[in-house]
Colleague: 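Pasting a structure here, questions to come.
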Amino acid sequence: MTSALAMAAPAVATDVGQQSYAPDYFNQFQATSALDMVTRLPGFVFDGGNASRGVSGNVLINGKRPAAKSESLGDVLGRIPLAAVERIELVTNGAGGIDMQGYPTVANLLLKQMDLVSASASAASYLLPDGSLQPALEGTYNLKRGDRSINLALGWTRAPDMAQGQGTRTTVYAGATPSAAVRINGAGLADNKVVKLNYGQDLADGQLTINGALTPWTYQSQASYDAAAHTVNSNDNAGRTREQGVAYSRDLAPGASLDLKALYRTAEVNADAASATAGVTSYSYTNTAASEKVVAGQLSWQALPGVTMRGGLEHVVNNNDASASYQADAQVHESRLEGQLSSAWQVDSGLSAEAGLKLEYSSLSVGTEQPDAPAHVYPKPRLRLALSPSPALQLRLRMEREISQLNFGDAAAYFDNPNKAIRGDYPELLPAKTWLCEGALEYHFWERGTAVLTYTQSHISDVIDRVPVRSGGATYDVAGNIGDASTDAVTGLLNLPTDSWSLPQGQLKLSTTWRSSSVTDPTTLTARRLSGENPLAWRIEFTQDLPQQRTAWGVSVDNGWSNDSWQVAERDSSSGSGWARAYVNYRPEPKLTVTLELNNLAGRTISYDRSHYSNNDRLASAVDFTEHNITRTQPYAMLRVRRDW
C-alpha cells in the first residue's frame, strides 16, 4: 500500500544547505496555516522562542524575525493562511546568510507578492468536571493590498486555574505538639483580553512595520482551610501590558542589509490579598509598574560567497517600581548597552562555522534616590561549528558565554532598607555568568525521521540563590551570589514516522532530558543541586493526519516535574505527577474546524513538602517541623470551533 506521504511532492534543493517546500507538499497534512506547515516540516522541531527575553524562535518570515515581544511566534504563524505562502525554505548551517541565532535549522517562510484578504473566528469553552463552562472568543483579520498590510487580532478568554483543587496539608512537629491536618479546597479564574494591530508598508526602498498591543487581565482565587479555626485566603489581581514598536529594514549595496527597531513596553500589576480567620481579616498588597525601552540596529554584509559579516548595537532601559505592604518601596533602574560583531562561514555543504563577540555594558541602581550604580562590562564570545559528513548526518559544537538578567524582585529585596542596613559591606548582587560547551549529533532517516543527541556542560559563576546574613544573633534570608556551580545535561529527541507500521501520516515523538548539577550550599557549606532543577523530564507524543476522514488526532503524556529549593531556614520540594492529553480535529468542510481536547486525563497530583529548621537556620540545627501539602486536580475538556474566510 502506498501512503499519501510517499506520493507527496518531494522537497527541492534550492542552494547549499537549503531545502524548499511548496504549499502542495502540506496538503497531505490538511494544513490551513503557516503554523500547520512548519510543524510538519521533515526533521524540523518548531521552537517558538521567548519573545520577552529577546529569543525569537527558529522561524523567519521573508528572512526576518518578528519584532514584537507581546506576541508569540506561534500566534503570528497561526494567523498566516496557507494561501499566502509561496514556499518554506529549510535552512541549515547559515546558508544564504541567514542569522541562525544558535539554532541548527531555521525555517524561512516566504510570502506571496499578491493581494489577499483573510479572516478567522473561533469560539471555545472549557468544560469542567462540575459542569460549568468558561468561554473563549478570538478573531483575526488580515489585509494585503500592494505593498501595504494590516493584521488585527482580538481575543477574550476565561480560563480556570487547573493547579487549584482539593487536598490536604499535614504538619508533623518534632516535639510533643500533636500533628495537625487541614483540608484545602481552592479555585482560581483568569480573565484575559487582547488587542493586537500590525501595519506594514514599503518606505524609502525598505519595509516599515508598526505594531501595537494591549492585554488587560485579571486573576481571582480563593482557598479555604478547614481546621480548628476555619481560614479563607483570597487573591484579587489585575494588570495590563502595552506595547508599541516600529521596525525598518532595507537592502543597501549588493549583499548588504540594514535592520532597525525601536520598542516601548509597559506592564502594571496590582495584587490584593486577604486572609480571614475566626472573624479577623488581614490584608496585604503589592503594586508594580514596569517599563522597557529598546533601540537596536544591525548591519549585515555578505563579504564573499559563503561569508557573512554582522555588526550591531542594542540599548535597553528597564524600570521597575514596586510597593508592597510588607517591605519598603523600591525603584529598580537598569541600563544595558550591547554591541556585537560576528562572522559566519559556509565553507561548503559539509562545513560551516560562526564566531562572534558581544560586549555588554550594564548598570543597575535601586532606591528612591536612584544613586549612581557601578557599571560592569561583560564580554560574551561564541563559537559554533557544524560538520556534515553526509546529508543525513550532522555534528554540531558550540562554546558560548552567557550572562543572566537579574530578577528585579531579588534586586529590590536585596536593597530594601532593613536588609541594606544589616548587610554592611556585603557585596552587591551580580548576574550569573555561564561558560557553556555543547555537542550535538543529529541524524535524519526516511522522509521525516530525526534522531538528536545533545550533551551540554556548563560552568556558572556568581550563582544567585538565598544566602544567610547573620547579625546581632539573628539570621536573615536574602538573595545573593553563592559562588560557582557546574551542570551537565543530556537531551535525546526521536521523531519516528509510523507509515511502515500501517499508521500512515503518523509521527511518534520521544524526548527526554537528564540534568545534574553541583553547587556549595551557602548555609551548610555542603554540596547540593541547584535550586529548581528538574533532574529528569520526558515526553511521549503521537499524532496522525487522516485526510480521507478529514481528521487529525493525537495523544501525549509526560512525567510531570520534581525539584528542590533551599532557603536559609528550610528545604522545599515540589513535584507534579504526569500530564496526559488527547485531541481530535475534524473538518466537516475545508474552512471549518472542530477541535475537542481532553486534558489532565490522569488527574495530576501536586505535592509540596517543606522541612523547617529551628532557629530559622539550617546550619547545625534540627528540623522542628515538616509540612506535606498535596492537591489533586481534575480532568477537563476544551471544545473549539474555528471558521476561516
Side-chain angles (χ1 to χ4, degrees), residues 3-6 26 28-29 31 35-49 57-59 74 90 92 102-107 388 390-396 398 438-457 487-516 533-546 551-563 575-585 597-604:
S3 70
L5 179 61
F26 302 94
Q28 59 186 311
F29 307 114
L35 182 61
D36 295 335
M37 299 168 74
V38 298
T39 55
R40 264 77 168 190
L41 284 168
F44 180 74
V45 180
F46 172 67
D47 186 337
N58 59 355
V59 177
L90 203 56
T92 58
Y103 290 106
T105 307
V106 167
S388 299
S390 69
L393 182 64
Q394 184 181 76
L395 173 65
R396 297 188 297 272
R398 176 167 71 110
E438 183 178 272
L441 189 65
E442 181 170 332
Y443 178 66
H444 294 259
F445 56 94
W446 301 341
E447 172 80 18
R448 295 178 291 147
T450 309
V452 184
L453 183 64
T454 304
Y455 171 68
T456 306
Q457 186 178 69
T487 70
D488 296 272
V490 178
T491 298
L493 174 68
L494 178 63
N495 289 346
L496 189 63
T498 61
D499 300 83
S500 59
W501 301 349
S502 299
L503 291 170
Q505 318 307 81
Q507 187 91 345
L508 180 64
K509 299 180 181 180
L510 310 173
S511 62
T512 184
T513 299
W514 170 85
R515 301 179 182 89
S516 177
E533 181 180 71
N534 189 15
L536 179 65
W538 56 259
R539 177 182 173 87
I540 302 173
E541 180 180 2
F542 176 75
T543 59
Q544 186 181 26
D545 291 280
L546 303 171
T551 301
W553 70 282
V555 294
S556 64
V557 63
D558 63 44
N559 70 323
W561 79 88
S562 176
N563 60 60
S575 64
S577 61
W579 185 276
R581 172 182 177 265
Y583 76 90
V584 59
N585 290 336
E597 293 183 16
L598 303 177
N599 288 280
N600 196 21
L601 292 174
R604 168 169 281 174

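Values below: every heavy atom of this structure, side chains too, minus hydrogens, waters and symmetry copies. We count residues from 1, following the sequence as given.
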Colleague: How would you list, by chain and number, every residue that makes a side chain to side chain contact (heavy atoms under 4.5 Å, CB included) with L393, sequence neighbours excluded?
Modeller: P389, S390, L441, Y443

Colleague: Using a 4.5 Å cut-off on heavy atoms from C-beta on, say whether the side chain of P535 contacts that of R515.
Modeller: no

Colleague: Hey, could you give me the CH2/CG distance between W538 and L510, rounded to the nearest 0.5 Å?
Modeller: 10.0 Å

Colleague: Quick one: side chain to side chain contact (heavy atoms under 4.5 Å, CB included) partners of S502, sequence neighbours excluded?
Modeller: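 Expected list: none.
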
Colleague: What do the steps show when you test Y455 against D488 for side-chain hydrogen bond (donor to acceptor under 3.5 Å, both in side chains), and what is the final call?
Modeller: CA-CA 7 Å; Y455 171 68; D488 296 272; 2.5 Å; yes

Colleague: Against V452, only a single residue in H444, R396, Q394 fulfils side chain to side chain contact (heavy atoms under 4.5 Å, CB included); can you say which?
Modeller: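 Passing option: R396.
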
Colleague: Treating D47 as the side-chain partner and G57 as the backbone partner, does any N or O pair qualify as donor plus acceptor under 3.5 Å?
Modeller: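 Not confirmed, D47 side chain does not pair with G57 backbone.
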
Colleague: A side-chain contact here means heavy atoms from C-beta on lying under 4.5 Å apart; do L503 and F542 qualify?
Modeller: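 SC-SC contact between L503 and F542 confirmed.
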
Colleague: Mind listing the closest non-hydrogen atom pair of S562 and N534 along with its distance?
Modeller: O-OD1, 3.0 Å

Colleague: Does the D558 side chain pair with the main chain of A580, one donor and one acceptor, at a distance under 3.5 Å?
Modeller: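 Checking the backbone N and O of A580 against the side chain of D558, no donor-acceptor pair under 3.5 Å is found.
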
Colleague: Under the side chain to side chain contact (heavy atoms under 4.5 Å, CB included) criterion, do T498 and Q544 qualify, and how do the steps go?
Modeller: CA-CA 9 Å; T498 61; Q544 186 181 26; 5.8 Å; no

Colleague: When you look at W579 and N600, which way does the side chain to side chain contact (heavy atoms under 4.5 Å, CB included) test go after all the steps?
Modeller: CA-CA 5 Å; W579 185 276; N600 196 21; 3.6 Å; yes

Colleague: I need the L536 CG to S516 OG distance, nearest 0.5 Å.
Modeller: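 Going from the CG atom of L536 to the OG atom of S516 covers 12.0 Å.
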
Colleague: Quick one: closest heavy-atom pair of A451 and L494, and the distance?
Modeller: CB-CD1, 4.0 Å

Colleague: When rounded to the nearest 0.5 angstrom, what distance separates NZ in K509 from CG in L496?
Modeller: 12.0 Å

Colleague: Do F26 and L41 come within less than 4.5 Å of each other through their side chains, counting heavy atoms only?
Modeller: yes

Colleague: Do I540 and V555 come close enough that some side-chain heavy atom pair is under 4.5 Å?
Modeller: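 No. Closest side-chain heavy atoms not under 4.5 Å.
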
Colleague: Looking only at atom types and distance, does a side-chain atom of T512 sit under 3.5 Å from a main-chain N or O of A537, one as donor and one as acceptor?
Modeller: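 A pair under 3.5 Å: yes.
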
Colleague: Do you know which two heavy atoms are closest between G74 and L35, and how far apart they sit?
Modeller: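 Heavy atoms only, the tightest pair is O-CD2, 3.8 Å.
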
Colleague: Let me confirm one number: the CH2-CG distance from W553 to L546, rounded to the nearest 0.5 Å.
Modeller: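 Spacing of CH2 (W553) from CG (L546) equals 8.5 Å.
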
Colleague: Is there side-chain contact between L601 and R581, with heavy atoms separated by less than 4.5 Å?
Modeller: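 No, their side chains stay 4.5 Å or more apart.
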
Colleague: Could you work out, with side chain to side chain contact (heavy atoms under 4.5 Å, CB included) as the rule, every residue matching S577, not counting sequence neighbours?
Modeller: R604, T605

Colleague: Nearest heavy-atom pair of Q505 and D499: which atoms, and what distance?
Modeller: N-OD2, 3.1 Å

Colleague: Just how far is it from atom CD of Q507 to atom OG1 of T450, taken to the nearest 0.5 Å?
Modeller: 7.5 Å

Colleague: Nearest 0.5 Å, please: how far is CD in E541 from CG in L508?
Modeller: 9.0 Å

Colleague: Are V106 and F44 close enough that some pair of their side-chain heavy atoms sits under 4.5 Å apart?
Modeller: no

